[in-house]
Protein chains: 2
Amino acid sequence: MSITDTREIIMATARKMVQTRGYNGLSFRELAKEVGIKSASIHYHFPTKGDLGAALARRYTEDGMAYLNGLRAESDDLGTWMKGYTDIFRAALLNDNRMCLCGIMAAEFDDLPPEVRVEVDAFTDLNVQWLSGVLDACRPQLSAEEQTRQAMAIYAAIEGAQLVARGRDDISVFDATVQAYQSAGLLPG
Amino acid sequence: MSITDTREIIMATARKMVQTRGYNGLSFRELAKEVGIKSASIHYHFPTKGDLGAALARRYTEDGMAYLNGLRAESDDLGTWMKGYTDIFRAALLNDNRMCLCGIMAAEFDDLPPEVRVEVDAFTDLNVQWLSGVLDACRPQLSAEEQTRQAMAIYAAIEGAQLVARGRDDISVFDATVQAYQSAGLLPG
DNA sequence: ACCTGAACACCGTTCAAGT
DNA sequence: ACCTGAACACCGTTCAAGT
């Protein structure tokens, strides 16, 4: 086992925990037990909880953007793009009623150390940027400001749909809500 | 000071703390310090943290519904109703970037004791019910199911707008997002 | 390079004891 | 009726010590 392996196992395990219980709900002792080391050893890889949280958010953003950019590269269909987008959030709910890592952390805003806040912000920015790109492809007549505003609204609405559906532990709430967004024309396609 | 007074002070103080830091972020010791008693004394009024959380959510729901029902009684104007509705969430952000008590708790779903979950669910139900009533007044041609679905979508979208705006600590994000919802026709009026 | 046990100040909770 | 101090098992963090 090299350095990287243990570090990766810690991150994968912690990511699941945060998506389920939140940043505050993440316990170093519980995490260590699951990984099979002592809690003090976690601090060797991530000096503070904030370091771990920031690393998790950064990786989560990287993975998400790789998926989304692949989606745009592989298809020219607006419907495929938007279904691919909403499916990220749907998949989290399907996966043990988990939440978007940065969505759940946004709710804990006041408890987050600055280095984590920065990464949560970056996730939001990149989501809005990607959605703006999609809007530019399908609604080029809109100004850049209007595209950004609509992209922000789409992102916020999807996060809200996930939050509420999760609170009900009912994925059909998510599906029905996304469909209502589509009917209203909030989502393109 | 009667029983009720201390109890009320505890609830008012705890409510602010939960709207800022969440259920997990609420500390009995910190709460006690602010109230001016010892943490063990909190347990006299609320045996467990779950009891306190449930009482907070129930009171929050009661207060909100009293406001919303007053709104519908005092005016016949759809715009006034919807502005009154979104203003609840806007006011929380204006008040030290706080969140809807039940919105922040919904994100902590997995950490909530059952008695708190029940109250968070009730809040959602009553919001959807109130919004359905508004939709029935302005879009009577819709089926009850469709009204409920749209009401759920409105509630989820507003919660999401608050969540994202709070993460940015920027109320203009909330305002722009709500306006985008209105332009799309997701919000009536 | 990586891990550990022990200590620190925190946490919710319990309970016998005070008034 | 209401409050308290002390104890319990938890928490993140630090650090000297191990290999």
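In what follows, every chain begins at residue 1, and chains take the letters A, B, ... in the order their sequences are listed.
Checking side-chain atoms of A:D51 against main-chain N and O of A:T48 turns up a donor-acceptor pair under 3.5 Å.
In this entry the distance linking CZ of B:R29 with P of D:dG12 reads 16 Å, nearest Å. Summarising the geometry, the separation between CE on B:M17 and P on C:dC11 is reported as 10 Å, rounded to the nearest angstrom. Remark: C1' of C:dC3 and NE2 of A:H43 are 13 Å apart, rounded to the nearest angstrom. Distance A:D51 CG to D:dT13 P: 9 Å, rounded to the nearest Å. The distance from atom CZ of B:F28 to atom P of D:dA9 is 21 Å, rounded to the nearest whole Å. For A:K33 and D:dC11, the NZ to C1' distance is 12 Å, given to the nearest whole Å. Atom CD1 in A:I9 sits about 15 Å away from atom C1' in C:dC3, given to the nearest Å. The separation between B:L26 atom CG and C:dT13 atom P is 10 Å, rounded to whole Å.
You'll find that the side chain of B:Y44 is closest to D:dA1, out of C:dT13, D:dA1, D:dT4. When distances run from any side-chain atom of B:A40 to the nucleotides D:dT13, D:dG5, C:dC3, the shortest one goes to D:dG5.
Residue B:L31 is out of contact with every strand shown, counting any heavy-atom pair closer than 4.0 Å. Across all strands shown, A:S27 has heavy atoms under 4.0 Å from sugar-phosphate atoms exclusively, and none from any base.
Taking a cutoff of 4.0 Å between a charged side-chain nitrogen and a carboxylate oxygen, A:D110 and B:R98 do not qualify as a salt bridge. Checked for salt-bridge contact, B:D111 and B:R117 miss the test: no charged N lies under 4.0 Å from a carboxylate O. Ion pairing of A:D96 with A:R166 is absent here, as no side-chain N (NZ or NE/NH1/NH2) approaches a carboxylate O to less than 4.0 Å.
Partners of B:Q150 by side chain to side chain donor-acceptor pair (under 3.5 Å), not counting sequence neighbours, listed by chain and number: B:R139, B:E146.
Put simply, A:T48 has no side-chain N or O that comes within less than 4.0 Å of OP1 or OP2 on D:dT14. Residue B:T6 places no side-chain N or O under 4.0 Å from the OP1 or OP2 atom of D:dA1.
Pairing for C:dT19 goes to D:dA1, judged as Watson-Crick or G-U wobble with the two contacts each under 3.5 Å. In this structure, D:dA6 forms a base pair with C:dT14, meeting either the Watson-Crick or the G-U wobble geometry with both donor-acceptor distances under 3.5 Å.
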